[in-house]
Asker: 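Please read through the structure below; I'll follow up with questions.
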Amino acid sequence: MKRVFQLLLLVAIVGLGYWIYSMIAVNVNAENQIKEREKIVIEKAQVIRDLVQAYKDSRPDKKYTTNWDTITEFAKSGYIVEKSEIYDENNLDNKAKLDSIRKANPKWKNERVDSVSVRDHILKHVGLDSDEAIENLRYIPFSDNKEFQLDTVTYVMGTYKSHLLRCHAPYVHFINTEEY
């Protein structure tokens with residue numbers, strides 16, 4: 001009888017150990033899934049934010065857009081202006097050149113202005129250079145084709161006005177809330 005009791009106790013201990021392990025494993029898996037998905041969604045939201053900021057900077061009225069068709073068209077065929085230095089101003093050899101150029105022409109600027117495709121500048125380095133990838137940019141990863149929410153806000157503090165853009169993806173759209 002003592003042997004049977006010890007065997008049952010051993011089975012109960014192993015069963016409880018497995019049950020506790022499985023409960024912890026579910027939480028760890030849920031946490032890992034949330035972190036992984038959150039990272040991917042944040043990276044995509046940052047690309048969208050950069051794209052919308054580039055759109056705003058390229059416009060004469062400097063206004064944001066929250067229209068996905070406009071953003072998609074800009075991503076496919078838009079251009080942005082990219083400025084860069086011609087001479088490194090911190091290089092002592094260039095300092096003398098710059099001083100003589102500025103003396104001869106006071107309106108001269110030490111910058112090169114290039115027109116660059118949005119597709120090449122913003123989207124290509126993150127693997128979004130195909131038309132299909134650009135079309136799907138609006139959708140939150142791991143969701144059932146739910147779109148990112150784009151909002152603009154004007155923040156007023158005294159006489160200072162700031163226009164802000166928010167690119168938002170609710171957790172319930174990309175986290176498996178049924179399983180976890």
Asker: Hey, what do you get for CD1 (Ile13) to CG (Leu8), rounding to the nearest 0.5 Å?
Answerer: 11.0 Å
Asker: Determine, using the 4.5 Å side-chain heavy-atom cutoff (strictly less than), whether Leu16 and Met23 are members of one ILVMFWY cluster.
Answerer: yes
Asker: Are Lys63 and Asp61 close enough for a salt bridge, meaning some N to O gap below 4.0 Å?
Answerer: no
Asker: Quick check: do Leu164 and Thr152 have side-chain heavy atoms less than 4.5 Å from each other?
Answerer: no
Asker: When you group the ILVMFWY residues by side-chain heavy-atom contacts below 4.5 Å and let the links chain together, are Ile24 and Trp19 in the same group?
Answerer: yes
Asker: Are the side chains of Ile71 and Leu51 in touch, meaning some heavy atoms are under 4.5 Å apart?
Answerer: yes
Asker: Any chance NZ of Lys56 has more than 12 other-residue heavy atoms, nucleotides or ligands included, within less than 6.0 Å?
Answerer: yes
Asker: Would you compute the distance between atom OH of Tyr171 and atom CD of Glu38 and round it to the nearest 0.5 angstrom?
Answerer: 3.5 Å
Asker: Applying side-chain contact (heavy atoms from CB on, under 4.5 Å), run through Arg166 and Leu150 and close with a yes or a no.
Answerer: CA-CA 6 Å; Arg166 182 181 78 123; Leu150 292 176; over 6 Å; no
Asker: A side-chain contact here means heavy atoms from C-beta on lying under 4.5 Å apart; do Arg138 and Thr72 qualify?
Answerer: yes
Asker: Of Gln149, Glu147, Lys146, which is the lone residue that meets side-chain contact (heavy atoms from CB on, under 4.5 Å) with Ile140?
Answerer: Lys146
Asker: What is the minimum heavy-atom distance between Val118 and Tyr79, and which atoms define it?
Answerer: CG2-N, 3.9 Å
Asker: Do Val172 and Ile40 share a hydrophobic cluster, counting only Ile, Leu, Val, Met, Phe, Trp and Tyr and linking them when any side-chain heavy atoms are less than 4.5 Å apart?
Answerer: no
Asker: Would you say that Trp68 contacts Ile48 through its side chain, given a criterion of any heavy-atom pair below 4.5 Å between the two side chains?
Answerer: yes
Asker: Can you tell me if Gln46 and Asp50 form a side-chain donor-acceptor pair at under 3.5 Å?
Answerer: no
Asker: Counting N and O atoms only, with roles assigned by atom type, does the side chain of Lys44 sit under 3.5 Å from a partner on the main chain of Pro141, one being a donor and the other an acceptor?
Answerer: no
Asker: Looking at OH of Tyr55 and CG of Asn67, how far apart are the two atoms once the value is rounded to the nearest 0.5 Å?
Answerer: 8.0 Å
Asker: If you apply the rule side-chain contact (heavy atoms from CB on, under 4.5 Å), what do you find for Lys35 with Lys39, and how did you get there?
Answerer: CA-CA 6 Å; Lys35 285 179 186 176; Lys39 180 183 172 204; over 6 Å; no
Asker: Does any part of the side chain of Arg59, heavy atoms only, come nearer than 4.5 Å to the side chain of Tyr64, both counted from C-beta?
Answerer: no
Asker: Check whether any side-chain heavy atom of Phe148 sits under 4.5 Å from a side-chain heavy atom of Val41, and report yes or no.
Answerer: yes
Asker: Test side-chain contact (heavy atoms from CB on, under 4.5 Å) on His173 and Phe142; report intermediate values, then the result.
Answerer: CA-CA 7 Å; His173 291 330; Phe142 311 106; over 6 Å; no
Asker: Kindly compute the distance separating OG (Ser143) from CZ (Arg37), expressed to the nearest 0.5 Å.
Answerer: 10.0 Å
Asker: Are side-chain heavy atoms of Glu132 and Asn136 found at a separation under 4.5 Å?
Answerer: yes
Asker: Hey, what do you get for OG (Ser117) to NZ (Lys76), rounding to the nearest 0.5 Å?
Answerer: 13.0 Å
Asker: Hey, quick one: are Tyr139 and Ile42 part of the same hydrophobic cluster, counting side-chain heavy atoms closer than 4.5 Å, chains of contacts allowed?
Answerer: no
Asker: Is there a side chain to side chain donor-acceptor pair (under 3.5 Å) between Asp57 and Gln53? Walk through the geometry before answering.
Answerer: CA-CA 6 Å; Asp57 293 343; Gln53 184 66 42; 3.1 Å; yes
Asker: With the 4.5 Å side-chain cut-off for hydrophobic clustering, are Val28 and Ile20 part of the same group?
Answerer: yes
Asker: Kindly check if the number of other-residue, nucleotide or ligand heavy atoms within 6.0 Å of CG (Asp144) is above 12?
Answerer: no
Asker: Flag the pair Phe74 / Val52 as yes when at least one side-chain heavy-atom distance between them is below 4.5 Å, and no otherwise.
Answerer: no
